[in-house]
Protein chains: 2
Amino acid sequence: MGTVDRIIHNRGQVAQENVDKVNAIIEKYGYKRNILASNLALNKKFRFAVFLPQYEKLEYWKSQIIGIEKAVLEFSKFGVVLDYFFYDFNEVSFKKTVQKVLEFDCDALLFAPIFHEESIHFLQEYEKRNIPVVMIDSNIDSESKHAYVGQDAFQSGYLAGRLSSFAVKNKRHILICKITREIESTSVYLQRIDGFYSFFKDHEELTNFKFSEITIKDSGFDQLTLDMFSGINSIFVPNSRAYIVAGFLEKNNIKGVRIIGYDLLKENIEYLNKGIIDFLINQRPEDQGYMGITYLYKKLVLQEETEKTHYIPLEIILKENYSPAKN
Amino acid sequence: MGTVDRIIHNRGQVAQENVDKVNAIIEKYGYKRNILASNLALNKKFRFAVFLPQYEKLEYWKSQIIGIEKAVLEFSKFGVVLDYFFYDFNEVSFKKTVQKVLEFDCDALLFAPIFHEESIHFLQEYEKRNIPVVMIDSNIDSESKHAYVGQDAFQSGYLAGRLSSFAVKNKRHILICKITREIESTSVYLQRIDGFYSFFKDHEELTNFKFSEITIKDSGFDQLTLDMFSGINSIFVPNSRAYIVAGFLEKNNIKGVRIIGYDLLKENIEYLNKGIIDFLINQRPEDQGYMGITYLYKKLVLQEETEKTHYIPLEIILKENYSPAKN
DNA sequence: TGAGTTTGCGTGTGCGTACACGGAATTTAT
DNA sequence: ATAAATTCCGTGTACGCACACGCAAACTCA
């Protein structure tokens, strides 16, 4: 037993002759180590660090946490333990928390690389330490071996392009509303817009489309003006804040404008039900959190082969297929 | 150890006094039985019976099987073993196989209740035997405790209604093409149509819509005639055979008709890419199979609380968001 | 009251793996 | 050659649970 064990874990202390013999037998009989018994004997905790923005007031991140908690409830019996690290909505807080997380000794990491630049070095560190990482929400497309759970941002923008091409009139003027906040993955943002334009590039027959862009800081309702929307038939908001535009249009009684946005926030749903927002692309945040933890569980606890990327389906939500159950 | 064990499994043979004592301690210290060790000691195989239509030539069911195999690959290390029961595309074969399955001694059952009537009694039998069942693809809405993995058929029809209301012209004539085959869940079928009409009932402002229905047997291309489609603006095919209609329209060079169908079959995708089919609602069959087995695994092996119903998202596939990766 | 029956309880072993420990075999140093 | 250091290997126990087995206590009935 001892010798075979040493061979299986190649811990040395065994003659080459025996190594070969045992390996031959393992091969011949197709021995597979029993993960149940292994984990039982190991009697080990698996510490997953969860590094996300402070979610208290962010519906989207709250859903992510719900999914995470659901997963850890299942996996706690296998020794999975979470340690949360939350940061506030600014770069300083983010950087501080990065330090804390780096100092923390964990077996795996779940992380949303919101601040693109700052995240790169951070992630490299984990690659060096050989600690598995899963990114959720947004991906850093380096050639790293880190996993990703979330949507294909480019493709979702492309789809949004198609959705906004469902024209009532032939001539169309599309407005892209960039409503930014410091805390937001700008890369996701840009990929969506990129995908959006790509749709129209790929469809030359749709020449009768014009595009404008406006940029608003924060949740600044007051920065919107009426003339921004004159002659506009369709609006694409490449993040979750379509409700701001919808609110403005409602207040000023502007009708017949198609709005396409992201995420099933309460405010968005409200305007969806009123018929002011037409399409929302759901990112299924709860599933993302759940799948993220599940990935790490499969990788570490079960030591399975896992697929590096898990794309969440591009779920199009209309007033008519929204049901409150699915967040 | 023995006494405590007898109490935990309430196997009797222990004085009430001790039962109370032990239960008090279990309560006090929050003892949870370790499922890992339990399964290790049990050293038991979990036999799942999988009862589905012969899939060789059915793309949809093939995908289901792929998902099932993927799941069982993961769970085989926990002692999960599958036994397949396939039946041919007719009632006789179905009934024969029902007998075989009933005679087979299994711990759980995954089943697609295609033949509604015949399935009811069959499922009751498993309820009697207290064997957990998960239904995939279509649900039998009895108040049974059997689980379901699949779409909300009514809601998907409702959504299809909305999709076909994206009118280019104001006057619209919608054709509902019922292309039936013996092997098909008629209940799913009817629920979808029901949902479809309900959409228009709920939206009285859409009065300028007219409806017709045609019914075709089998994959009978030859039963279609030109006059069936005269004046039609939009077609709803409430199952996976939209490609038949699309093929007919293509052959006869009829253009500008919107087609809405189900499932990402090769033929459907072909017409989607040609722009003849506009919308496909994806049922994610691979996910269904995977989730079905996962449900039984969680229920039996992990003995977790599980949600009875797992709805697959209503994924709308357009030419622009179809990617071959997702079956 | 004693034999027979039932009920209650503890011991022991096994599930498949991990790892500490100590002894045997081999090598190196003196 | 002998002592010391090193390499190699087997035994034993633990992980947490399930269950067979057998013994002791309590009960039944004559």
Side-chain angles (χ1 to χ4, degrees), chain A residues 1-47 72-81 105 107-108 130 297-305, chain B residues 1-47 72-81 105 107-108 130 297-305:
Chain A
M1 270 165 63
T3 304
V4 171
D5 179 70
R6 259 164 264 140
I7 293 171
I8 288 173
H9 299 85
N10 36 264
R11 213 177 305 110
Q13 307 287 326
V14 45
Q16 185 59 42
E17 184 193 5
N18 289 331
V19 174
D20 295 340
K21 270 191 210 164
V22 170
N23 278 332
I25 291 173
I26 286 178
E27 193 67 25
K28 183 173 171 191
Y29 292 93
Y31 165 82
K32 293 264 170 60
R33 157 157 122 266
N34 183 328
I35 305 280
L36 290 190
S38 172
N39 284 332
L40 186 64
L42 268 172
N43 204 18
K44 178 185 188 303
K45 292 278 172 214
F46 296 90
R47 308 188 77 90
V72 84
L73 195 72
E74 280 182 29
F75 302 143
S76 59
K77 54 170 73 78
F78 294 89
V80 172
V81 174
D105 185 37
D107 302 305
N130 210 21
Y297 157 74
K298 285 188 180 170
K299 180 109 183 173
L300 263 93
V301 182
L302 300 185
Q303 301 179 21
E304 276 177 13
E305 290 302 310
Chain B
M1 270 167 61
T3 304
V4 171
D5 181 71
R6 256 164 267 140
I7 294 171
I8 288 173
H9 299 86
N10 36 264
R11 206 169 321 103
Q13 306 288 328
V14 45
Q16 187 58 43
E17 183 193 6
N18 290 331
V19 173
D20 295 339
K21 271 192 210 165
V22 170
N23 279 331
I25 291 173
I26 285 178
E27 194 68 27
K28 185 173 173 192
Y29 292 93
Y31 165 82
K32 293 265 170 60
R33 156 157 124 268
N34 183 328
I35 305 280
L36 290 190
S38 172
N39 282 332
L40 187 63
L42 269 171
N43 203 16
K44 176 184 189 307
K45 291 280 171 213
F46 296 90
R47 311 189 74 91
V72 84
L73 195 72
E74 281 182 30
F75 302 144
S76 60
K77 54 168 74 75
F78 294 91
V80 171
V81 175
D105 184 36
D107 302 303
N130 210 22
Y297 158 74
K298 285 188 180 170
K299 180 107 183 174
L300 264 93
V301 182
L302 301 185
Q303 301 179 19
E304 276 176 16
E305 290 301 309

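Note on naming: letters A, B, ... go to the chains in the order of the sequence lines (proteins, then strands), and numbering restarts at 1 for each one. Because the structure is a prediction, the values reported are computed rather than measured.
For B:Ile8 and D:dA18, the CD1 to P distance is 7 Å, given to the nearest whole Å. When rounded to the nearest whole Å, the span between CD of B:Gln16 and P of C:dT7 equals 15 Å. Between B:Asp5 atom CG and C:dG12 atom C1' the separation is 13 Å, expressed in whole Å. Taking atom CG of B:Asn39 as the reference point, atom C1' of C:dC15 lies 11 Å away to the nearest angstrom. Atom CG of A:Leu42 and atom C1' of C:dG16 are 12 Å apart (whole Å). The distance between atom CE of B:Met1 and atom P of D:dA18, rounded to the nearest whole Å, is 10 Å. Rounded to an integer number of Å, the gap from A:Arg11 CZ to C:dC21 C1' is 13 Å. Distance CG (B:Asn43) to C1' (C:dT13): 14 Å, rounded to an integer number of Å.
In this structure, A:Lys77 places its NZ atom where more than 12 heavy-atom neighbours from other residues, nucleotides or ligands lie under 6.0 Å away.
Residue A:Ile26 holds its CD1 atom at 11.5 Å from NZ of A:Lys32, rounded to the nearest 0.5 Å.
Taking the six-membered ring where the residue is Trp, B:Phe78 and A:Phe78 present perpendicular rings, their angle passing 60° and hence far from 30°.
Closest to the side chain of B:Gln13, from the set C:dT7, D:dC8, C:dG16, is C:dT7. For B:Ala37, the side-chain atoms get nearest to D:dC17 when compared with the rest of C:dC9, D:dG12, D:dC17.
Side chains of B:Glu27 and B:Asn23: no donor on one and acceptor on the other come within 3.5 Å.
Residue contacts shown for B:Arg6 include a base, since a base heavy atom lies under 4.0 Å away. Residue-level contact check: A:Lys32 touches the backbone only, with heavy atoms under 4.0 Å from sugar-phosphate atoms and none from bases. Residue contacts for A:Leu40: at a heavy-atom cut-off of 4.0 Å it reaches a base atom on one of the strands shown.
Here the closest heavy-atom approach between residue B:Leu36 and residue A:Asn39 is recorded as CD1-CB, 4.1 Å.
Regarding contacts with the backbone of C:dA18, a side-chain N or O of A:Ser38 is found under 4.0 angstrom from either OP1 or OP2. Close to C:dC9, at under 4.0 Å from its OP1 or OP2, lies a side-chain N or O of B:Asn18.
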